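Accompanying notes for the structure given below.
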Amino acid sequence: MPELPEVETVVRSLRPLLIGRRITGVEMPQNGPNSSARARLRRILATPAKDFSRRLCGARVTDVRRYGKNVLIELSPPGEETDVRCLLVHLGMTGRLVWHDTPETRSPHTHVVFALDAPGCWLHYTDIRRFGKLRLADPRGKELSKLGPDPLEISREAFYERLRSRRAMVKSLLLDQRFVRGIGNIYADESLFRACIHPAAIASRLNRERASRLYDGIRETLTHAIELGGSSISDYVDAQGRAGWFQLEHQVYRRTGEACPQCGTLIRRMVIASRSTHFCPRCQRGPTRPGLRPVAIGRSTPHVAPRTRKGIPARRDAEKPPTTRGFSP
DNA sequence: AGTTCCCTGAGG
DNA sequence: CCTCAGGGAACT
């Protein structure tokens with residue numbers, strides 16, 4: 001579930017490995033279960049496989065950026081070596097971009113292997129569920145322009161104005177990439193908890209103070225998650241195969257029936273926008289009741305102190321990343 | 001604005 | 001066997 005913090009972590013780990021390097025080859029292994037390689041690739045590549053490979057070969061990486069949940073690998077300008085400006089990667093649910101020292105694929109779910117102009121440098125795109133996408137695009141093109149503002153860049157006032165005009169449930173809006181880009185199910189739930197706002201609250205009914213609290217909740221949650229390298233649930237790792245640690249600090253996400261870390265009330269689950277939604281019915285009271293706050297909120301003081309649960313060990317691959325095999329930068 | 005589907009693996 | 005997990009496109 002790569003969301004903003006996971007994609008940001010992938011981008012940061014990718015930058016020193018890719019910038020300045022040339023793509024010298026693109027291989028698409030013919031392995032994998034069930035469907036044919038052609039069928040698998042059609043879901044992942046927007047361009048026919050042959051053209052995809054041909055147009056990328058020779059391109060040099062000039063920059064690697066994050067745009068919402070997308071990884072933008074920017075390439076040398078058109079005319080110089082290739083007509084392609086940008087390789088846009090969306091990791092979907094289970095997509096990984098991982099550096100390997102061999103082009104050989106270990107996983108039947110590795111769909112694309114990029115060869116780079118340095119010895120022992122291959123970038124593998126692996127995606128078990130194939131919700132991800134690789135496409136050749138113009139970063140100023142229309143697909144990215146549909147996305148809303150980045151929650152770490154928008155101003156407090158602009159955020160409030162956007163919320164004010166919408167009658168949807170606030171959680172649905174946070175998940176809507178046209179409203180803000182980069183938030184997914186984990187960080188929507190965690191941000192709402194941090195802001196003490198009920199996920200089913202109607203956006204336009206949030207007053208300035210609550211909107212402001214949500215703004216801070218989102219930013220603090222995302223910033224903290226980025227510092228910890230994201231959340232490694234499902235099988236997320238960065239480009240060097242390292243897992244994140246933020247899953248140990250989830251307050252409500254997938255903690256249905258456990259005690260709220262703030263007040264001890266049992267965490268509840270409901271479905272909003274066809275997604276599991278986890279919240280504390282006491283700390284995040286009534287969808288339409290304004291201004292209820294069980295605890296004082298400081299602007300820069302987190303409402304909930306970071307906490308690591310005792311007795312819950314880190315995921316195995318968090319301690320021992322499974323995809324780092326003899327990597328040497 | 002809400003629902004369904006895609007896809008695979010985990011867990012009951 | 002079954003249900004659940006979910007980003008986002010394509011529906012209603």
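A, B, ... follow the sequence lines: proteins, then strands. Residue 1 opens every chain. The analysis underlying the following values was restricted to heavy atoms, covering all of them including side chains, and did not include hydrogens, waters or symmetry mates. Bear in mind that the values here come from a model prediction, so they are computed numbers and not experimental data.
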Checklist entry - Among all residues two or more places apart in sequence or in another chain, which pass the side-chain contact (heavy atoms from CB on, under 4.5 Å) test with A:R178? => result A:D176

Checklist entry - Quick one: on DNA chain B, does A:R167 or A:R129 contact a more 5' nucleotide (nearest heavy atom)? => result A:R167

Next on the checklist: Using a 4.0 Å heavy-atom cut-off, does A:R178 contact any base of the nucleic acid, only the sugar-phosphate backbone, or nothing at all?
Outcome noted: nothing

Checklist outcome for this item: Closest of C:dA5, B:dT3, B:dG2 to the A:S274 side chain is B:dT3

Next on the checklist: Suppose we screen for salt bridge (Lys or Arg N to Asp or Glu O under 4.0 Å). Which residues come up paired with A:E8, at least two apart in sequence or across chains?
Outcome noted: A:R12, A:R66

Checklist entry - For A:L144, which fellow cluster members are found when Ile, Leu, Val, Met, Phe, Trp and Tyr are connected by side-chain heavy-atom distances below 4.5 angstrom, either directly or through intermediates? => result A:Y67, A:L72, A:L88, A:L147

Item to check | Axis deviation across the helix from B:dA1-C:dT12 to B:dG12-C:dC1, five-pair ends, to the nearest 10° | outcome: 50°

Item to check | Residues in salt bridge (Lys or Arg N to Asp or Glu O under 4.0 Å) contact with A:R15, at least two apart in sequence or another chain | outcome: A:D63

Checklist outcome for this item: Reading nucleotides 7-12 of chain C from 5' to 3' and marking B where a protein heavy atom lies under 4.0 Å of the base, S where only the sugar-phosphate is that close, and - otherwise, the string is BB----

Checklist entry - Is any side-chain nitrogen or oxygen of A:R43 closer than 4.0 Å to OP1 or OP2 of B:dC7? => result yes

Checklist entry - To the nearest Å, how far apart are A:I233 CD1 and C:dG6 C1'? => result 10 Å

Next on the checklist: Would you compute the distance between atom CZ of A:R96 and atom CG of A:D238 and round it to the nearest 0.5 angstrom?
Outcome noted: 10.0 Å

Checklist entry - Given B:dT8, is OP1 or OP2 found less than 4.0 Å from the side-chain N or O atoms of A:R130? => result yes

Checklist entry - According to the ring-ring contact (aromatic ring centres under 6.0 Å, His included) rule, which pairs have a member within residues 117-158 of chain A, sequence neighbours left out? => result A:H100-A:H124

Checklist entry - Does the side chain of A:H109 get closer than 4.0 angstrom to OP1 or OP2 of B:dG9 through an N or O atom? => result yes

Next on the checklist: I need the minimum non-hydrogen distance between A:D127 and A:G95, along with the two atoms involved.
Outcome noted: OD1-N, 3.7 Å

Item to check | Nearest-Å distance for atom pair CZ/C1', residues A:R96 and B:dG9 | outcome: 13 Å

Checklist entry - Counting any heavy atom closer than 4.0 Å, what does A:S276 reach on the DNA or RNA strands: base, sugar-phosphate only, or nothing? => result sugar-phosphate

Checklist entry - Reckon A:R166 touches a base, only the sugar-phosphate, or nothing at all at heavy-atom distances under 4.0 Å? => result sugar-phosphate

Checklist outcome for this item: Hits for ring pair (Phe, Tyr, Trp, His ring centres under 6.0 Å) against A:Y253, two or more places apart or cross-chain, chain-then-number order -> A:H250, A:H278

Checklist entry - How would you list, by chain and number, every residue that makes a side chain to side chain donor-acceptor pair (under 3.5 Å) with A:E143, sequence neighbours excluded? => result A:R135

